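Fair warning: this is a prediction, and the values are worked out from it, not measured in the lab. Note on naming: letters A, B, ... go to the chains in the order of the sequence lines (proteins, then strands), and numbering restarts at 1 for each one.
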Amino acid sequence: MTKNKLVLIDGNSIAYRAFFALPLLNNDKGVHTNAIYGFTMMLTRILEDEKPSHILVAFDAGKTTFRHQTFSEYKGGRQKTPPELSEQFPFIRELLDRYSISRYELENYEADDIIGTLSLQAEKEGFEVKVISGDKDLTQLSSEDTTVAITKKGITEIEEYTPAHIEEKYGITADRIIDMKGLMGDSSDNIPGVPGVGEKTALKLLKEFGTLEDLLNSIDQVSGAKLKEKLEQHKDQAIMSKQLATITREAPVEVSLQDLHYKGYELDQVKSLYKELGFNSLLDKLGVADEDAEEESLEEISYTIVEKIEQAMLTDHNAFYVEILEDNYHYADITGFSIVNESGSYFISKEAALQSELFKKWAEDPDKKKTVYDAKRSEVSLRHHGIHLKGVDFDLLLATYIIDPSETIEDVASVAKKHGYSAIQSDEIFYGKGAKRKVPEKEQLAEHLVRKALVLDSLKNQLIDELEKNKQSDLFYNLEMPLSLILADMESFGIKVDLNRLKEMGKEIILKLDEIEKNIFALAGEAFNINSPKQLGVILFDKLGLPVIKKTKTGYSTSADVLEKLEADHEIIREILHYRQLGKLQSTYIEGLLKVVNNESEKVHTRFNQALTQTGRLSSTDPNLQNIPIRLEEGRKIRQAFIPSEQDWVIFAADYSQIELRVLAHIADDEKLISAFREDLDIHTKTAMEVFHVEAEDVTSNMRRHAKAVNFGIVYGISDYGLSQSLGITRKEAGQFIERYLESYPGVKQYMEDIVYDAKQKGFVTTLLQRRRYLPEITSRNFNMRSFAERTAMNTPIQGSAADIIKKAMIDMAARLEKEKAKSRLLLQVHDELIFEAPKDEIELLSKIVPEVMENTVELKVPLKVDFSFGPTWFDAK
DNA sequence: CAACACACGC
DNA sequence: GACGTACGTGTGTTGG
């Protein structure tokens with residue numbers, strides 16, 4: 001017989017927590033749902049993790065409780081519950097009813113007291129008890145049978161208070177928590193305590209004297225005259241405070257433990273409430289994806305399954321959809337096509353299309369306009385069949401991304417849904433996911449693909465209007481759309497890899513890894529899996545007794561910054577760091593790269609995601625060629641394996657110098673920063689001079705390092721905390737650095753203030769070329785969310801404008817290479833640099849035109865500066 | 001299979 | 001006074 005388990009939830013406290021932890025979500029009926037949603041998340045998690053046999057959610061009853069008789073100002077000065085939260089309580093009660101979970105409130109008592117009373121009863125009956133709240137006061141209930149879980153950050157993370165944990169954390173037993181409260185008070189409940197006594201002092205006193213009463217009986221033995229006087233003076237107040245903080249275990253609760261038995265819930269009940277509230281993600285989790293709704297909305301459509309293509313089907317203006325099921329379109333096969341135009345709606349099988357000369361001619365005709373979804377993907381896959389797609393005049397994927405980069409775009413259906421168009425199923429539902437994925441019969445496939453083309457057809461004009469309204473037409477038509485074709489070229493062409501070089505490096509690294517592994521095992525005194533942070537933690541901190549610097553939620557942290565601090569303590573640390581470094585090279589950059597090299601061409605074909613990042617940057621996958629090592633020499637050598645695809649060619653790399661800071665100088669219109677760049681000064685040294693008020697010759701390398709980190713922080717929008725981490729200084733010091741920086745560059749300071757104000761007014765920020773990022777959280781009452789949104793407001797115009805500039809440079813560069821009839825080709829973009837391969841006899845040309853084009857692609861108040869180099873491998877182009 | 005910890009680049 | 005803090009991608013481990 002397993003033990004009964006009672007879960008007691010502090011309903012008010014969890015609702016508050018959820019409300020402040022989540023942004024103010026609205027459902028389609030205009031009801032705020034963030035607290036309900038957070039509460040639901042918490043509740044389902046508890047049911048799953050704890051599997052209680054009994055459960056109750058306690059709420060506070062009215063305004064006053066028996067505590068007010070003792071102290072009329074109890075909970076005085078507390079802010080009124082925001083109406084946005086109040087309106088959610090009825091739903092939370094409804095939710096509990098649907099879940100068949102008991103809830104209870106009691107006149108004159110707080111939720112705490114109900115919990116205290118029932119937990120005591122349950123303990124006596126031999127139950128295991130779990131209390132869940134956001135209020136640390138509840139920890140006083142912790143006992144051998146009762147664990148108190150307090151939400152930490154957000155709503156999903158909790159900290160569990162067992163008697164042992166309390167002793168470890170505070171150095172006092174659980175039953176002394178109330179004595180501590182008596183001394184230190186509690187400002188949120190307006191419990192006074194003893195003025196001048198905080199947590200530290202309270203704990204010190206209790207450790208020395210025992211209970212509050214013990215302490216007050218021996219005040220004369222307290223060291224420190226001031227403290228003694230305070231205690232003497234506020235003796236009664238301390239006793240009263242302790243009383244107020246004490247949870248009663250004898251409230252006249254009218255429910256019995258039997259009443260709290262939990263028998264599970266009725267799926268339909270919960271489901272219908274979720275639907276009403278618009279909790280779609282939770283509906284999915286219930287495993288009851290809303291099939292009927294999907295079915296309902298799918299109106300019938302008519303279309304033709306084309307056996308033989310005829311000229312009349314291919315017109316001047318078309319919605320054209322190319323289906324490729326695998327996500328890596330470099331290697332995947334085309335599944336089929338659909339076309340919608342004024343002549344009709346068609347499904348065309350892969351075979352029917354590719355055998356047709358008419359189709360090829362139409363696809364390659366720039367005057368036959370096509371609206372597509374993901375032009376790059378369509379283009380690259382058609383090329384495998386010798387067809388060069390031309391005449392794309394609208395890409396639904398890119399338009400959706402430009403209009404709002406925060407929308408997660410999964411497939412045509414997800415885009416359709418966002419614009420209120422529902423006559424289509426998602427690919428996940430239509431094809432199935434994971435192992436269940438399969439291509440259905442032709443009839444069904446045909447219908448699904450035609451539906452996609454219909455979406456293209458019907459959303460196009462709507463999105464064109466939206467782009468126009470946002471003044472983003474130029475960005476869309478003249479930047480992102482042409483860029484997608486350039487990226488298609490880069491991706492299809494690929495980059496040659498020196499397989500032998502890579503394999504050789506792999507062998508060397510394996511030898512070294514074996515050696516280091518032996519050393520580590522010898523130093524540890526046993527063999528273990530070095531790649532397992534868990535096992536490594538046990539060795540370092542339990543067996544070798546090294547000091548614990550940081551913990552993660554699952555155990556000890558063994559990250560590099562922690563290990564570096566331990567380097568002097570044990571020689572095993574150096575070995576582990578080296579092992580990690582080489583292990584990363586081996587698994588990600590040697591084996592990982594070898595896995596994705598095309599065996600025939602010996603090239604890698606990355607895919608640039610052009611519709612993903614919030615800032616407008618590209619990202620790169622399979623392989624990611626934007627994070628090839630460079631910082632450490634050992635890793636940098638990986639670049640020796642990237643070589644030109646033709647004999648006697650070179651790799652030519654050009655990078656913008658300090659593009660983000662130059663952009664900042666421009667948009668902030670900061671006089672000092674502008675003149676620094678006009679004079680082409682070393683910007684980090686210059687910043688050090690300004691921040692530390694010294695002359696150039698007095699800037700030490702440490703000052704420059706600090707200045708560089710601050711510049712870095714400005715560019716990436718990190719917080720004082722982030723800066724303190726990267727410099728190994730305190731948060732306060734980091735904050736002072738940032739302040740001094742802003743004093744040094746008043747234009748920047750003004751910009752930072754203006755942009756945040758602007759973002760609050762408009763709800764979004766823009767870049768040089770009108771890219772947008774919406775920041776709804778900038779008005780959040782949650783400090784963290786608001787701060788993050790504010791930093792994003794400052795940072796996105798900087799990083800996003802830099803992204804705009806290099807994208808434009810890529811387009812200009814492609815045009816210029818064509819004009820020069822050069823053979824050189826662009827291979828990669830890595831955020832602020834462009835990598836080309838070039839015949840040796842074009843090095844001179846590139847050395848002239850690459851900097852010229854990149855530096856002049858836009859005109860800013862400061863010059864743009866480009867450095868370049870070249871060599872037989874990417875490694876040598878440094 | 002998802003979540004986590006870690007590490008690489010900009 | 002605490003909160004939990006740049007963005008991406010890929011790897012290995014772990015536990016359901």
Quiz prompt | From C:dG4, C:dG12, B:dC6, nucleotide with atom closest to A:F783 side chain | solution = C:dG4

Quiz item: For the pair made of CD1 in A:I630 and C1' in B:dG9, what is the distance, rounded to whole Å?
Solution: 9 Å

Quiz item: In terms of side-chain heavy atoms of A:N784, which of B:dA7, C:dC3, B:dA5 is nearest?
Solution: C:dC3

Quiz item: Which part of the nucleic acid, if any, lies within contact of A:T558, taking any heavy atom under 4.0 Å across all strands shown: a base, the sugar-phosphate backbone alone, or nothing?
Solution: sugar-phosphate

Quiz item: With a 4.0 Å cut-off on heavy atoms, is A:G592 in touch with a base, just the backbone sugar-phosphate, or nothing at all?
Solution: sugar-phosphate

Exercise. On the 0 to 90° scale, with breaks at 30° and 60°, tag the A:H605-A:Y331 ring pair as parallel, tilted or perpendicular.
Key: perpendicular

Practice problem: Please state how far atom CD in A:Q725 lies from atom P in B:dA7, giving the value in whole angstrom units. | Solution: 14 Å

Practice problem: When you get a sec, tell me which of C:dT13, B:dC4, C:dG8 is the closest nucleotide to the side chain of A:Q614? | Solution: C:dG8

Practice problem: For nucleotides B:dA7 and C:dA2, find the distance between their C1' atoms and express it as a whole number of Å. | Solution: 30 Å

Quiz prompt | Between C:dG12 (P) and A:K584 (NZ): distance, integer Å | solution = 10 Å

Practice problem: Look at the side chain of A:R631 and the base of B:dC8, then say whether one donor and one acceptor between them are separated by less than 3.5 Å. | Solution: no

Quiz item: Between A:R607 and A:Y329, is NZ or CZ placed under 6.0 angstrom from the six-membered ring centre and within 45° of the ring axis?
Solution: yes

Exercise. Choose from C:dG15, B:dA5, C:dG12 the nucleotide whose nearest atom is closest to any side-chain atom of A:E591.
Key: C:dG12

Exercise. Would you indicate what A:T615 reaches in the nucleic acid, counting non-hydrogen atoms under 4.0 angstrom: base, sugar-phosphate, or nothing?
Key: nothing

Practice problem: Can you tell me, in whole Å, how much space there is between the P of B:dA2 and that of C:dA6? | Solution: 27 Å

Self-check item: Closest to the A:N627 side chain, choosing from C:dA6, C:dT13, B:dC8
Solution: B:dC8

Self-check item: Side-chain heavy atoms of A:Q799 within contact of A:T767, under 4.5 Å
Solution: no

Quiz item: A:K534 side chain N/O closer than 4.0 Å to the phosphate oxygens (OP1, OP2) of C:dG15?
Solution: yes

Quiz item: Within a strict 4.5 Å, meaning less than it, do heavy atoms of the A:Q626 and A:T621 side chains meet?
Solution: no

Practice problem: Among C:dT14, B:dA7, C:dG12, find the nucleotide with the atom closest to the side chain of A:N531. | Solution: C:dG12

Self-check item: Which atom of A:E564 lies closest to which atom of A:L577, heavy atoms considered
Solution: CG-CD1, 4.2 Å

Quiz item: Could you walk me through whether A:V866 and A:D655 pass the side chain to side chain contact (heavy atoms under 4.5 Å, CB included) check?
Solution: CA-CA 5 Å; A:V866 169; A:D655 69 291; over 6 Å; no

Exercise. Give one of base, sugar-phosphate or nothing for A:L612, where a contact means two heavy atoms less than 4.0 Å apart.
Key: sugar-phosphate

Quiz item: In whole Å, what is the span from the CD atom of A:Q535 to the C1' atom of C:dG12?
Solution: 12 Å

Practice problem: Check the distance between B:dC8's P and A:Q581's CD and give it to me in whole angstrom. | Solution: 7 Å

Quiz item: For the side chain of A:R731 and the base of C:dG4, is some donor closer than 3.5 Å to an acceptor across the two?
Solution: yes

Self-check item: Atom pair distance, as rounded to whole Å: CD1 in A:I590 and P in B:dA7
Solution: 18 Å

Quiz prompt | Closest to side chain of A:Y716, choosing from C:dA6, B:dC8, C:dT13 | solution = C:dA6

Quiz item: Within this structure, what is the CG-to-P distance between A:D720 and C:dG4, rounded to whole angstrom?
Solution: 15 Å

Quiz item: With a 3.5 Å cut-off and just heavy-atom distances, do the side chain of A:S719 and the base of C:dT5 make a donor-acceptor pair?
Solution: yes

Quiz item: Hey, does A:R617 reach any base, or is it just sugar-phosphate, or nothing, if we go heavy atoms under 4.0 Å?
Solution: base

Self-check item: B:dA5 phosphate, OP1 or OP2, under 4.0 Å from A:T552 side-chain N/O
Solution: yes

Quiz item: Atom NE2 of A:H831 to atom P of B:dC8: distance rounded to whole Å?
Solution: 16 Å

Exercise. Select base, sugar-phosphate, or nothing to describe what A:Y721 touches, counting heavy atoms under 4.0 Å on all strands.
Key: base

Quiz prompt | Selection from B:dC6, B:dC10, C:dG12 that lies nearest to any side-chain heavy atom of A:E833 | solution = B:dC10

Exercise. Ignoring the backbone of A:R791, work out which of B:dG9, C:dG15, C:dT5 is nearest its side chain.
Key: C:dT5

Quiz item: Contact class for A:N609 vs. all strands (heavy atom < 4.0 Å): base, sugar-phosphate, or nothing?
Solution: nothing

Quiz item: What's the closest nucleotide to the A:S619 side chain, out of C:dT9, C:dG10, B:dA5?
Solution: C:dT9

Practice problem: Classify the nucleic acid contact of A:S620 as base, sugar-phosphate or nothing, counting any heavy atom under 4.0 Å across all strands shown. | Solution: sugar-phosphate

Quiz item: Which heavy atom of A:I651 sits nearest a heavy atom of A:F642, and at what distance?
Solution: CG1-O, 4.1 Å

Practice problem: Please check the phosphate of C:dG4 (OP1 and OP2 only) for any side-chain N or O of A:S787 closer than 4.0 Å. | Solution: no

Quiz item: According to the Watson-Crick and G-U wobble definitions, with both distances under 3.5 Å, which nucleotide is paired to B:dA3?
Solution: C:dT13

Practice problem: Write down the distance separating the P atoms in B:dC10 and C:dT5, rounded off to the nearest Å. | Solution: 24 Å

Quiz item: Could you walk me through whether A:D404 and A:S406 pass the side-chain hydrogen bond (donor to acceptor under 3.5 Å, both in side chains) check?
Solution: CA-CA 5 Å; A:D404 186 355; A:S406 71; 2.8 Å; yes

Practice problem: Under 4.0 Å between any heavy atoms, over every strand shown, what does A:N782 touch: base, sugar-phosphate, or nothing? Just pick one. | Solution: nothing

Quiz item: Quick one: is B:dA5 close enough that its OP1 or OP2 comes under 4.0 Å of any side-chain N or O from A:S532?
Solution: no

